[in-house]
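Reading through the structure tokens given below for one structure.
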2 protein chains.
Amino acid sequence: MNQSINVRQMPNSGAKTSCQYCSLSNLCLPLALDNSDMKKLDDVVNRDRILNRGEQMFTQSAPFRSCFAVKSGAIKTSVITESGEEQITGFFMPGDLVGLDSMSDDTHASTAKALERTSVCEIPVDQLENLAHVMPDLQHHIFHLMSQEIRNSHQLSVLLSKNTAEERIAALLLSLSSRFHRRKLSSTHFSLPMARNDIANFLGLAVETVSRVFTRFQNQGLIRARGRDIELVNIEALQIMALGNPQA
Amino acid sequence: MNQSINVRQMPNSGAKTSCQYCSLSNLCLPLALDNSDMKKLDDVVNRDRILNRGEQMFTQSAPFRSCFAVKSGAIKTSVITESGEEQITGFFMPGDLVGLDSMSDDTHASTAKALERTSVCEIPVDQLENLAHVMPDLQHHIFHLMSQEIRNSHQLSVLLSKNTAEERIAALLLSLSSRFHRRKLSSTHFSLPMARNDIANFLGLAVETVSRVFTRFQNQGLIRARGRDIELVNIEALQIMALGNPQA
DNA sequence: CGGAATTTTGAAATCGGTCAAATGGCGTGG
DNA sequence: CCACGCCATTTGACCGATTTCAAAATTCCG
């Protein structure tokens, strides 16, 4: 039910957990850093900001001052078009860095909202840039993360323009599966952090279509779904399905 | 017919044009730099690589060593899915930097191909990172460019998942228009660098649909199109069209 | 426990895709 | 300079996956 990741407590402290003692350090920004550099990063991080389900972390067009690392819970980001439509651009899980799409401007390019109770670490961008300047590994790592974000978005574009409803949903389930796996959680049995509505929006489908595909998958014995509780029964079949028409 | 940008010649030289004397310096990487820094950048740039139409600048999965700045001509980038389908992820014009989506890996995340005769400047990434390390403005500028790339891709996602064929094509025409404008070319009369096929692929449509929409637009008096030669007759109407259903 | 929100299910409508074929443009070579 | 042939573009008719509209069923929380 709860796919958040427990944060190992610092031995002698009930206080905020430093990067060194955070179980996410192998996923998050500190990944690239040695101990002394991690300390410096540690100093600029504002820890333990808690968001309730539905609460916004930042909103599009608001002044851009910080990126956020997800500690537990889950975040969705979305852009609002001029015609008022929302497009979800990503789901962020513990260890992910949110807000990189805003680094080209002094205002946020998207809105970030908590999908459930979520705790985050805030990292002021000006300080992050300063650190990156003196720490080549950090600079490199940020380049890496931003580039990864571009790739993810390109993958989404492919999904949206080339794949059927079934293929998109299979791909999303597998993507979530592998992300849970990387976080040492079960890759076959998890709880969706987002509503059907969010899935539909993200994948460019109608909610009804998402619902129908879920039941179809269930009837075909590919998954077992009860509400947000999902079990991947036949991963291989899902993988084949996600690939789409294989004769292209 | 030719929307390439002339490169101002260095007064006393028929040789390669340095960044200082390149008319694109206000669009390209040097944008962020003062004269002495520009010199250093200049030293690491391999100039005057020429690609013929259809020639590949780099291919997906090939070792990633350099980014490329477009000097004249036009480039398209695309990703190939596991099932062998191509999705064009961007069109790059003079002053644009190609290859940023590959900075998360040591292999290219996409393939880049020249749409017409194109000249580019090659910038080795390791040297670019070194320079960024000593030049905070350059680092900031690269963050900016990468973030912009994320935004662009998000915009594409919105287009693909929320907009009709007409809206997508109107949006593309307007986007090209503004990009030509920023390069001091006509924003109402230009030559498309890409084929209908590329437009269709980029926008997630069938070629036939693109063709139909073009003729529909022409009949409605929004544009005049003969082959790749495009004239935007009623920009306001196109803008309204690109917005999509305004009652959402 | 109750009411609202989410999810599911059904039937009908549609936009864009697919298939097929005609037309047009352009470079090459005679 | 023209004719050929190839490839890009256009046009037409039909089809199908997904959307839309409507309503029931279920779940979620306060």
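All heavy atoms count here, side chains included; hydrogens, waters and symmetry mates do not. Residue numbers begin at 1 in each chain, while the letters A, B, ... track the order of the sequences.
Per the geometry, CZ belonging to A:Arg168 stands 7 Å off P belonging to D:dT18, to the nearest Å. Atom pair A:Ile230:CD1 and C:dT7:C1' shows a separation of 12 Å (rounding to whole Å applied). Between the CE atom of A:Met194 and the C1' atom of C:dT7 there is a distance of 16 Å, given to the nearest Å. The nearest whole Å value for the distance from the CG atom in A:Asp198 to the C1' atom in C:dT7 is 13 Å. Taking atom CZ on A:Arg117 and atom C1' on D:dC29, their separation rounds to 15 Å, with Å as the unit. Following rounding to the nearest Å, A:Ile199 (CD1) and C:dT6 (C1') show an atom-to-atom distance of 12 Å. Note: CZ (B:Arg216) to P (C:dC15) measures 9 Å, nearest angstrom. Atom CD1 of B:Ile169 and atom C1' of D:dT9 are 13 Å apart (whole Å).
Residue A:Arg53 is in sugar-phosphate contact alone, with no base atom involved, counting any heavy-atom pair closer than 4.0 Å across all strands shown.
Ranked by how close their nearest DNA chain D nucleotide is to the 5' end, A:Leu205 and B:Phe214 are led by B:Phe214.
Between the side chains of A:Arg49 and A:Ser119, no donor N or O sits under 3.5 Å from an acceptor N or O. Side-chain contact, B:His108 with B:Asp101: no donor N or O sits under 3.5 Å from an acceptor N or O. The closest side-chain donor-acceptor pair between B:Gln60 and B:Ser110, if any, does not fall under 3.5 angstrom.
Here the straight-line distance linking atom CE of B:Met93 with atom CD1 of B:Ile75 works out to 12.5 Å at 0.5 Å rounding.
Residues that satisfy the side chain to side chain donor-acceptor pair (under 3.5 Å) test with B:Arg117, not counting sequence neighbours, are B:Asn52.
Counting non-hydrogen atoms of neighbouring residues, nucleotides and ligands closer than 6.0 angstrom, the NZ atom of B:Lys113 reaches no more than 12 such neighbours. Heavy-atom neighbours of B:His189 NE2 from other residues, nucleotides or ligands within 6.0 Å: above the threshold of 12.
Residue A:Arg196 places its side chain closer to C:dT8 than to any other of D:dT20, C:dT8, D:dA8.
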At a cut-off of 3.5 Å, list every protein nitrogen or oxygen paired with a nitrogen or oxygen from nucleotides 11-15 of chain D, distance to 0.1 Å.
{"residue": "D:dT11", "atom": "OP2", "partner": "B:Thr215", "partner atom": "OG1", "Å": "3.4"}
{"residue": "D:dG12", "atom": "N7", "partner": "B:Arg212", "partner atom": "NH1", "Å": "2.9"}
{"residue": "D:dG12", "atom": "O6", "partner": "B:Arg212", "partner atom": "NH2", "Å": "3.4"}

